[in-house]
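Written out below as C-alpha cells is the structure these notes cover.
Keep in mind it's a predicted model, so treat the numbers as computed, not measured.
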Amino acid sequence: MFNKDSVFLGIAPIGWCNDDMPELGKENTFEQTISEMALAGFTGCEIGNKYPSDPAVLKEALDLRGMRIASRWFSSFLITKPLNENIESFKKELDFLSAVKANRINVSEQSYSIQGKTDVPVLEKEKYVMNESEWKTFTTGLNELGKIAADKGFKLCFHHHMGTVVQSLAETERMMEETEPTYVHLCYDTGHFTFAGEDPAAILKKYVKRVGHVHLKDVRADVLKQVKENKWSFLTAVKNGAFTVPGDGCIDFDTVFKLLADNAYTGWLLVEAEQDPAKANPFKYAKMAREFIQEHAKI
C-alpha cells in the first residue's frame with residue numbers, strides 16, 4: 001500500500017506527557033517515554049516538554065533506541081507580533097531540528113487562540129475569526145516562513161487546530177489557497193477535522209499533494225457529544241477522552257490510508273492522540289495504534 005522506504009511511522013509524546021497540561025503524565029520520564037515508543041514499534045517521534053534541550057543529548061538518546069525526530073510544533077503569532085520576531089524564533093527552531101536531522105516543522109497560528117483556555121467552550125463559536133487584513137498578514141507571513149524553511153531543506157507543515165484562527169475546513173482551504181504550494185504544506189490531522197465537525201477525507205481529496213505531515217488521531221463520538229452538551233473547553237475535552245488512537249474511535253482510517261497511498265504520499269504517519277495517561281496507559285495505546293496501522297495500512 002505504502003512505500004516502506006519513504007513512509008515512516010512515528011508517535012507523539014503527548015500521550016505520555018502533555019505540554020498544555022503538564023500535570024498530565026508528570027510521572028512519566030523522557031527515557032520511559034521514548035523507550036516505550038520504540039518497544040511499541042515506532043521509529044520516530046515529535047518533541048515534548050521533557051525532552052533534552054541539547055540536540056546532541058536528544059539525538060544520542062534516540063539513536064540508542066533506533067528512533068529519530070519527525071517534526072516539532074512551532075507557535076506562530078503572525079497577526080499579533082512583528083514578522084521579524086516570528087522569523088527569529090522560527091530560525092532557532094529550524095536550527096535545533098537540523099541538529100537532530102529532522103526536515104519537517106509544524107506551524108500553528110496561536111494569535112488569539114482559545115485552545116489553552118479552560119473556561120472557554122471550544123465548540124460555541126467563541127474563537128477568533130480573522131478579518132481581511134489579518135488574513136493577508138497571516139498568509140504573507142506564512143509564505144515567508146515557508147521560504148525560510150525550504151531554503152534550509154525543511155517543509156513547513158501548517159497545523160489546523162481546534163480553538164485557533166484556522167480550525168474549520170473553510171479556513172484551512174482559504175489558508176491553502178492563499179499560500180504558495182512550494183512553501184506551505186499541510187499538517188493533516190484527522191482528529192481535529194473530525195472534532196470541528198468536518199469530514200477529514202474532504203480536504204485530503206482536494207489537497208493530498210500538499211500534505212507534508214500526517215497526524216493520526218481518532219475521536220470518541222460519545223465524548224464529543226458531551227463536549228457540545230456540556231460546553232467544554234478544548235482541554236476539558238482532552239482530559240475526558242475526546243481523542244484516542246486510530247482504530248479506537250469513529251474515524252474511517254481506511255479511506256484516509258487509501259487516499260494517501262494512492263497519491264504516493266511520502267513522509268511521516270504520526271500517531272498524535274492526547275489522553276490522560278492515568279486513564280489510558282500510553283504504552284498500551286501505542287501498541288494498539290501500531291497494530292491497527294499494521295493491519296489497515298500494511299506498514
Side-chain angles (χ1 to χ4, degrees), residues 8 10-14 16-22 30 33-34 37 43-63 67-113 115-116 137-161 163-166 175 179-180 182-189 192 210-215 267-268 270-272 274:
F8 315 102
I11 190 165
I14 201 165
W16 283 263
C17 50
N18 193 301
D19 288 2
D20 292 325
M21 296 178 284
F30 162 69
T33 298
I34 59 172
M37 290 172 171
T43 59
C45 61
E46 292 183 349
I47 297 175
N49 59 14
K50 294 187 179 181
Y51 282 42
S53 58
D54 183 333
V57 173
L58 173 56
K59 189 173 184 304
E60 181 181 21
L62 293 171
D63 286 347
M67 298 272 290
R68 58 195 175 106
I69 293 299
S71 186
R72 186 178 198 173
W73 172 284
F74 175 78
S75 294
S76 64
F77 295 88
L78 292 166
I79 63 173
T80 54
K81 292 183 180 180
L83 180 58
N84 65 330
E85 285 187 25
N86 284 276
I87 289 174
E88 183 179 355
S89 55
F90 187 68
K91 285 182 175 179
K92 288 179 181 178
E93 291 292 356
L94 291 178
D95 288 343
F96 184 95
L97 288 168
S98 291
V100 293
K101 308 301 182 185
N103 59 12
R104 300 287 193 277
I105 185 166
N106 302 334
V107 175
S108 175
E109 178 63 20
Q110 288 296 297
S111 297
Y112 306 116
S113 173
Q115 74 180 65
T137 299
F138 167 59
T139 55
T140 299
L142 203 54
N143 279 330
E144 184 63 29
L145 294 184
K147 185 179 187 304
I148 292 168
D151 288 345
K152 291 180 176 289
F154 279 80
K155 281 187 177 181
L156 182 158
C157 304
F158 189 84
H159 192 339
H160 56 97
H161 198 287
T164 72
V165 292
V166 182
M175 181 277 298
T179 54
E180 292 292 333
T182 305
Y183 300 137
V184 179
H185 307 269
L186 181 64
C187 174
Y188 170 73
D189 191 303
H192 279 279
R210 281 181 70 182
V211 172
H213 196 63
V214 174
H215 277 172
W268 288 91
L270 197 128
V271 175
E272 192 220 27
E274 51 262 54

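- Within the model, atoms CG of L156 and OG1 of T182 stand 12.5 Å from one another, a figure rounded to the nearest 0.5 Å.
- Every residue two or more places apart in sequence or in another chain was checked for a ring pair (Phe, Tyr, Trp, His ring centres under 6.0 Å) with F77, and none qualifies.
- The aromatic rings of F138 and F158 stand perpendicular to each other, their planes meeting at an angle above 60°, with 30° marking the opposite boundary.
- By the salt bridge (Lys or Arg N to Asp or Glu O under 4.0 Å) test, E274 pairs with K217, sequence neighbours left out.
- Inter-residue side-chain proximity for P52 and F30 is flagged as met; some heavy-atom pair is nearer than 4.5 Å.
- Between the side chains of E144 and N86, no donor-acceptor pair is found at a separation under 3.5 Å.
- Taking every heavy atom of both residues into account, L145 and F90 meet most closely at O-CE2, 3.1 Å.
- With sequence neighbours left out, H160 forms a ring pair (Phe, Tyr, Trp, His ring centres under 6.0 Å) with F193.
- When the ring pair (Phe, Tyr, Trp, His ring centres under 6.0 Å) test is applied to F154, no partner is found at least two apart in sequence or on another chain.
- Note: L78 CG to T139 OG1 = 9.5 Å, rounded to the nearest 0.5 Å.
- One distance of note links CD1 of I79 with CD of Q110; it measures 11.0 Å at 0.5 Å rounding.
- Within the structure, the side-chain hydrogen bond (donor to acceptor under 3.5 Å, both in side chains) test picks out the following pairs touching residues 50-60 (sequence neighbours left out): K59-D63.
- With sequence neighbours left out, K81 forms a salt bridge (Lys or Arg N to Asp or Glu O under 4.0 Å) with no residue at all.
- Under the ring pair (Phe, Tyr, Trp, His ring centres under 6.0 Å) criterion, Y188 pairs with no residue, sequence neighbours left out.
- Rounded to the nearest 0.5 Å, atoms CD (E46) and CD (E272) are 6.0 Å apart.
- Partners of A70 under the side chain to side chain contact (heavy atoms under 4.5 Å, CB included) rule, at least two apart in sequence or in another chain, are H213, W268, L270.
- Using modelled atom types, no side-chain atom of N106 and backbone atom of H159 make a donor-acceptor pair closer than 3.5 Å.
- Every residue was checked against the salt bridge (Lys or Arg N to Asp or Glu O under 4.0 Å) condition with E109, not counting sequence neighbours, and none meets it.
- Separating the CG atom in N49 from the CG atom in D20 is a distance of 9.5 Å, to the nearest 0.5 Å.
- Between I47 and D19 the shortest heavy-atom distance is O-OD2, 4.2 Å.
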Pair S111-V165, side-chain contact (heavy atoms from CB on, under 4.5 Å): steps then yes or no
CA-CA 8 Å; S111 297; V165 292; 5.5 Å; no

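- In this structure H185 satisfies the side chain to side chain contact (heavy atoms under 4.5 Å, CB included) test together with K155, C157, sequence neighbours excluded.
- Contacts of P82 classified as side chain to side chain contact (heavy atoms under 4.5 Å, CB included), with partners at least two apart in sequence or in another chain: N84, E85.
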Acceptor/donor pairs from residues 91-105 side chains to any protein atom, 3.5 angstrom cut, sequence neighbours excluded:
{"residue": "E93", "atom": "OE1", "partner": "R72", "partner atom": "NH1", "Å": "3.2"}
{"residue": "S98", "atom": "OG", "partner": "L94", "partner atom": "O", "Å": "2.9"}
{"residue": "R104", "atom": "NE", "partner": "G212", "partner atom": "O", "Å": "2.7"}

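- Here T43 contributes atom OG1 and L62 contributes atom CG; the two are 11.0 Å apart, rounded to the nearest 0.5 Å.
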